[in-house]
Amino acid sequence: MKDTDATFYQVVVEKKLMRERNLTRHDIGRERFVSEVSSYMRHFVVWEWKNNYGGTILNQECRNHRLVNWDCALRTAISDIEVDLIMRKSKKKLSESLGEIVVATTRVETMLGGTAIAVHSKDKRYSHLHGKSAVVHPFIGRKLPVICDDILVDPEFGTGAVKITPAHDPNDFEVGKRHNLAFINIFTDEGKINSNGGV
């Protein structure tokens, strides 16, 4: 802080003392006056910052839906490092008498928000399904398209088929954007299944 800033605050506080309490700095003493100036400076600096920068976050142009790890008990977002994921497998029935496709998932509860099944374009096991809406959702009956996404799917990992729930997984979120998929949020803030999940 420059001396001129300190002088400014001193003058402002002196005028305030006179206006509000009819006192001078000499009336209240050096220690109390320095305390008043310090208090005013802190208050002024906070409000000055708020006026200059307080709306920055709200006024940023990059506003979009984002995924968070939601704690239903606390009703707040939590860090990625606070989440433990466990891999599960589930079978999806195919329409048109094409059999079944087994997909891997770490979040079985989000199956209700599934909007696609992703496979690798070079995986011959699924080449007959590319571009078809052949998968019937096991709980809701919604047909899911089989999409090729070579960025997400590793044909050597698991079954080589991945359920895509763009509203409930960061990787699936990106897949949903790349393939223009629906984003179906199936949870309430309390962690209960909402009407999008078939309830």
Side-chain angles (χ1 to χ4, degrees), residues 57-72 75-81 83-199:
I57 292 172
L58 295 176
N59 295 326
Q60 288 176 347
E61 288 182 25
C62 182
R63 296 185 77 167
N64 203 343
H65 292 284
R66 294 284 184 241
L67 295 179
V68 296
N69 298 307
W70 188 254
D71 186 311
C72 301
R75 294 186 68 166
T76 189
I78 58 174
S79 162
D80 288 347
I81 62 174
V83 178
D84 295 321
L85 300 176
I86 301 168
M87 185 67 72
R88 306 258 192 248
K89 291 183 181 177
S90 66
K91 289 183 181 178
K92 307 273 189 195
K93 248 198 182 332
L94 303 176
S95 60
E96 306 169 19
S97 303
L98 296 173
E100 293 179 330
I101 187 168
V102 178
V103 298
T105 181
T106 56
R107 298 198 49 209
V108 177
E109 72 278 10
T110 65
M111 285 178 58
L112 298 171
T115 58
I117 301 294
V119 296
H120 195 281
S121 65
K122 293 184 174 54
D123 191 335
K124 296 195 185 312
R125 295 174 291 178
Y126 305 116
S127 60
H128 65 292
L129 298 174
H130 293 180
K132 294 188 179 179
S133 289
V135 179
V136 178
H137 197 289
F139 303 129
I140 298 180
R142 176 173 57 240
K143 284 194 174 187
L144 305 176
V146 177
I147 60 171
C148 294
D149 194 290
D150 296 356
I151 296 171
L152 175 75
V153 181
D154 177 357
E156 304 298 318
F157 182 77
T159 65
V162 182
K163 80 167 175 64
I164 304 298
T165 56
H168 297 285
D169 178 87
N171 294 320
D172 295 1
F173 182 85
E174 296 302 322
V175 172
K177 288 196 307 189
R178 280 195 297 275
H179 295 274
N180 210 18
L181 299 174
F183 287 66
I184 302 174
N185 179 4
I186 61 160
F187 294 118
T188 66
D189 286 352
E190 294 80 25
K192 297 178 182 173
I193 303 296
N194 66 23
S195 60
N196 294 334
V199 176

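The structure places CD1 of Ile164 at 8.0 Å from NE2 of His179, a figure rounded to the nearest 0.5 Å. To the nearest 0.5 Å, atom NZ of residue Lys163 and atom CG of residue Asp169 are 7.0 Å apart. Between Leu144 atom CG and Lys132 atom NZ the span is 15.5 Å, to the nearest 0.5 Å.
Two residues are said to be in side-chain contact when any heavy atoms from C-beta on lie closer than 4.5 Å; Phe183 and Lys177 meet this criterion. At least one side-chain heavy atom of Val103 sits under 4.5 Å from a side-chain heavy atom of Ile117. Contact check for Val162 versus Asp149: no side-chain heavy atoms found under the 4.5 Å cut-off.
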message = Show, in sequence, the C-alpha distance, side-chain angles and deciding distance for Phe187 and Asn194, and conclude whether the side chain to side chain contact (heavy atoms under 4.5 Å, CB included) test is met.
response = CA-CA 5 Å; Phe187 294 118; Asn194 66 23; 5.6 Å; no

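For the pair Ile101 and Leu129, the tightest heavy-atom approach, listed with the atom from each and the gap, is CD1-CD1, 4.1 Å. Across Ile184 and His168, no two heavy atoms sit closer than the pair O-NE2, 3.3 Å. Scanning both residues, Val119 and Val146, for their nearest heavy atoms gives CG2-CG1, 3.9 Å. When all heavy atoms of Val102 and Ala161 are compared, the pair lying nearest together is O-CB, 3.6 Å. The two residues Leu152 and Val175 make their nearest non-hydrogen contact at CD2-CG2, 3.7 Å. Shown here for Asp123 and His130, the closest heavy-atom pair between the two residues is O-NE2, 4.3 Å.
The backbone N or O of Ala167 sits nowhere less than 3.5 Å from a side-chain atom of Asn185 that would complete a donor-acceptor pair.
A side-chain N or O of Asp172 and one of Thr165 form a donor-acceptor pair less than 3.5 Å apart.
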